Amino acid sequence: LAVRLSAPQEGALADFAYNLGLRSLRASTLLRKVNAGDLDGAADEFPKWKFAGGRVLPGLVRRRAAERALWLS
């Protein structure tokens, strides 16, 4: 990471990476925004990761909302 994160931000990013895998994190706009210092923009990327098999899954919507809330806390 190119920027220092708070403990809640680190936790949200770790949860995201654990759920999606490091390959997805490395290729994500979320990580690009983090490294560019756009932490608010990064928060807005979490909800975009709600699809599995081309469908929106309610469980992923809830998980991403929780990660975003943790990120912003």
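Owing to the predicted nature of the structure, the values given are computational and were not obtained by experimental measurement. All values below were derived from every heavy atom in this structure, side-chain atoms included, with hydrogens, water molecules and symmetry-related copies excluded.
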| query | How long is the gap from CG on Asn19 to CG on Asp15, to the nearest 0.5 Å? | reply | 6.5 Å

| Rounded distance (nearest 0.5 Å) linking atom CG of Leu25 with atom CG of Leu20 | 8.5 Å

| Applying side chain to side chain donor-acceptor pair (under 3.5 Å), which residue pairs with at least one partner in residues 49-60 are found, sequence neighbours left out? | none

For residues 40-47, which side-chain donor-acceptor pairs fall under 3.5 Å, sequence neighbours excluded?
| residue | atom | partner | partner atom | Å |
| --- | --- | --- | --- | --- |
| Asp44 | OD1 | Arg68 | NH2 | 2.8 |
| Glu45 | OE2 | Lys33 | NZ | 3.4 |
| Glu45 | OE2 | Lys48 | NZ | 2.9 |

| Minimum-distance pair of heavy atoms, taken over all atoms of Val3 and Asn35 | CG1-O, 4.1 Å

| request: Can you sort out the partners of Asp38 under salt bridge (charged side-chain N to carboxylate O under 4.0 Å, His left out), two or more places apart, ordered by chain and number? | output: none

| said: If hydrophobic clusters are built by linking Ile, Leu, Val, Met, Phe, Trp and Tyr wherever their side-chain heavy atoms come under 4.5 Å apart, do Leu31 and Leu72 end up in the same one? | reply: yes

| query | Are Phe16 and Leu1 connected in the hydrophobic side-chain network, where two residues link if heavy atoms are under 4.5 Å apart? | reply | yes

| remark: Rounded to the nearest 0.5 Å, the CG atom of Leu5 sits from the CH2 atom of Trp71 at a distance of 4.5 Å

| request: Could you walk me through whether Glu67 and Leu70 pass the side chain to side chain contact (heavy atoms under 4.5 Å, CB included) test, one step at a time? | output: CA-CA 5 Å; Glu67 290 165 346; Leu70 179 60; 5.7 Å; no

